[in-house]
**Q** 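Could you have a look at this structure, given as structure tokens, before my questions?
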Number of protein chains: 2
Amino acid sequence: MAKRTKETRRPPAKIADVARLAGVSVATVSRTLARPAVVSEDTRNRVLAAVRDTSYTPNISARNLRVRKTMVVLVAVPDIANPFFAEILQGIDDTLSAAGYGLVIANLAGPPEKEARYVDLVCAGQADGVLLLCGHVMRSRDRDLRDAHVPLVGACEYIPGASFPQICIDNVGAAREAVRHLIKLGHTSIAYLSGPQSTILERQRLEGYRQALKEAGIAAVDGLIMPGDFTFRTGVEAGRALLALSPEVRPTALFAANDEMAIGLIKTVHAGGLRVPRDLSVVGFDGIPYADYCEPTLTTIVQPRRELGASAAAELIALMTTEKSAVRKDIELPAKLALRDSTCPPSTRST
Amino acid sequence: MAKRTKETRRPPAKIADVARLAGVSVATVSRTLARPAVVSEDTRNRVLAAVRDTSYTPNISARNLRVRKTMVVLVAVPDIANPFFAEILQGIDDTLSAAGYGLVIANLAGPPEKEARYVDLVCAGQADGVLLLCGHVMRSRDRDLRDAHVPLVGACEYIPGASFPQICIDNVGAAREAVRHLIKLGHTSIAYLSGPQSTILERQRLEGYRQALKEAGIAAVDGLIMPGDFTFRTGVEAGRALLALSPEVRPTALFAANDEMAIGLIKTVHAGGLRVPRDLSVVGFDGIPYADYCEPTLTTIVQPRRELGASAAAELIALMTTEKSAVRKDIELPAKLALRDSTCPPSTRST
DNA sequence: CAGGCTTATGTAATCGATTACATATGATCG
DNA sequence: CGATCATATGTAATCGATTACATAAGCCTG
């Protein structure tokens with residue numbers, strides 16, 4: 001039970017140890033590891049054997065100090081507890097860590113002083129790149145961050161005219177498709193549960209909603225646009241508002257700017273006696289895992305979250321490793337409508 | 001529109017720059033920042049002013065190289081997309097990043113070769129500590145990791161007799177409380193939907209279930225223990241199994257080892273015509289946000305996730321900074337039963 | 001007022017890797 | 001065969017901070 005194998009912790013082998021064991025200079029060891037082709041086969045074998053025997057791994061701090069890199073990228077995410085972002089993060093992590101990068105996750109849902117610390121970190125050159133999972137860079141410190149001249153890639157929220165590459169889905173098109181689906185089912189009174197006004201994402205989804213109505217010749221009714229902010233809570237509030245309407249004016253369908261709100265809304269109207277989809281069809285946006293678990297399962301636009309993260313990470317790596325910052329290309333990934341149980345044709349009802 | 005402020009990216013200030021500006025030596029600058037008390041007030045002011053003017057931040061790689069630290073901790077998490085862990089991670093991140101540590105998240109849900117890379121990273125001394133959010137350290141590489149003699153702290157899953165501090169809730173007690181609640185409501189036929197057999201967590205929750213039944217004088221029926229693995233899918237399967245039973249032998253209540261399974265099960269039995277809680281009371285475990293969103297809201301044991309993460313991180317910091325590794329104390333955090341809508345007394349029914 | 005002590009600061013070694021440059025060896029060629 | 005060149009390897013400077021040790025200045029005390 002007591003301390004077994006007392007053997008004092010041996011410090012990790014350094015390059016000099018490997019060199020000594022292999023009978024070569026440190027330069028040769030370093031070269032063997034970095035560009036195996038330039039050393040003779042014989043030497044290479046001896047060095048690699050020595051590396052194995054000492055279980056040598058280069059000291060990252062020393063290397064980074066020398067080559068002036070940090071091998072760290074900062075990922076700014078609006079809310080790490082949000083499952084939507086969690087999966088994007090996985091895609092990012094897969095790609096980035098495979099390439100040897102570590103990631104510092106800046107959770108913008110946390111206290112604002114942390115946010116400032118993250119920006120400082122980047123400005124101080126402690127990160128080789130930044131991945132933004134939101135439109136506003138870092139609220140007030142946008143300019144500081146941009147001026148740090150650190151490679152930047154955006155994902156999720158498309159900012160028209162931004163000066164850095166962005167990996168997104170076609171939000172306008174996807175929203176339009178969602179609403180078209182409702183129209184095709186026969187709905188003509190379709191509400192929209194919006195995201196936070198400040199986001200570009202919101203404006204784009206709203207635009208898609210408007211386009212779909214317009215092309216179908218349905219007049220947009222201002223009263224059918226309900227305020228939300230992507231949270232479950234505002235979904236609940238919108239649900240209550242819907243219940244308060246008299247059946248004659250109540251829309252027969254609703255498009256929510258994200259799944260979480262859609263789920264909150266469905267739960268609320270259910271409790272109030274409305275049946276989904278019979279009395280109200282609902283389409284969400286994002287395709288979070290839970291959209292498939294809830295009751296009824298949610299018809300929604302599913303975003304390729306993992307790929308979104310992976311592509312963004314790949315783009316950032318290209319930007320960080322290539323000196324030509326001309327890489328700069330936006331990528332649009334496909335999102336598709338998943339038909340599930342929360343939508344159906346409107347029930348005919350007496351005026 | 002074109003490149004504004006072309007000014008070539010100026011490299012970050014280094015300590016020598018600050019020293020020159022303040023008219024002191026680099027040693028004095030370093031000391032001013034590390035131990036302000038040892039320099040004279042006059043010097044201190046000059047140095048701090050110079051630091052501000054140059055917006056100097058110490059180069060982390062250089063510092064780490066010198067003091068032989070990495071300021072990185074590895075966090076091994078079974079599944080980053082699982083909202084339960086997401087919130088624990090937040091607690092960890094808050095505490096750790098406030099103390100200046102970066103965290104590398106080892107997502108065990110990812111490909112196994114990544115896992116090996118993480119263990120290697122620790123063994124190579126590239127992390128100052130490890131936080132384990134799971135019982136098995138890293139599957140096969142347990143011993144390697146332990147032999148690296150890196151400070152270790154466990155959370156969530158309590159391993160009796162482990163050689164490192166652990167921050168947990170009382171799983172046996174909490175499970176017992178959950179089942180006691182069902183018993184108090186009048187249930188006598190109570191099923192248990194288990195977690196993966198291999199985990200200690202599972203054995204502890206099962207033990208709590210058994211204890212509650214025993215103290216109430218209810219015989220444990222093997223057939224009422226249903227296999228699960230913490231996923232939504234196995235919750236669905238268990239739901240189907242329940243539906244297949246004839247009403248006479250069907251339990252009137254069920255305790256699920258986690259919320260996700262409970263939610264899958266409820267959804268399934270609902271679709272099959274059973275009403276929850278009327279025909280089947282369900283208690284979950286964890287208290288994930290969704291347990292409050294689903295229909296009906298889930299009565300469950302809510303774990304103090306953020307605090308769990310924060311305490312574990314604090315403990316690890318103590319371990320990493322104190323040379324005396326005698327800190328070593330386990331912490332048990334309180335979990336409490338949240339009474340919601342998925343439980344009620346059993347409906348009396350004809351034999 | 002010499003010697004000892006405290007306080008404030010500077011000098012230079014050090015952490016562990018990378019890499020420009022120098023050197024040594026052997027091959028090639030006119 | 002001596003000059004030229006390619007190939008393989010070694011030497012030592014360097015990245016930017018920390019800190020042990022040295023030094024200088026001021027203060028006390030017998």
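Lettering of chains follows the sequences in order, A, B, ..., and the numbering in each one begins at 1.
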**Q** So, OP1 or OP2 of D:dT9: does either fall under 4.0 Å of a side-chain N or O from A:S40?
**A** yes
**Q** Is A:D17 salt-bridged to A:R20, cutoff N-O under 4.0 Å?
**A** yes
**Q** Could you measure the distance from the CZ atom of A:R117 to the OG atom of B:S97? Nearest 0.5 Å is fine.
**A** 5.0 Å
**Q** So, B:R46 side chain and B:A22 main chain: donor-acceptor pair closer than 3.5 Å or not?
**A** yes
**Q** How would nucleotides 13-19 of chain C be written as a contact map, 5' to 3', with B for base contact, S for sugar-phosphate-only contact and - for no contact, using protein heavy atoms under 4.0 Å?
**A** BBBBBBB
**Q** Could you tell me the separation between the CZ atom of B:R20 and the C1' atom of C:dT11, rounded to a whole number of Å?
**A** 17 Å
**Q** Figure out the CG/C1' separation between B:N45 and C:dA8, and round it to whole Å.
**A** 15 Å
**Q** Examine distances only and state if a side-chain atom of A:T95 and a backbone atom of A:I92 form a donor-acceptor pair shorter than 3.5 Å.
**A** no
**Q** Would you say A:D128's side chain and A:T70's backbone share a donor-acceptor pair under 3.5 angstrom?
**A** yes
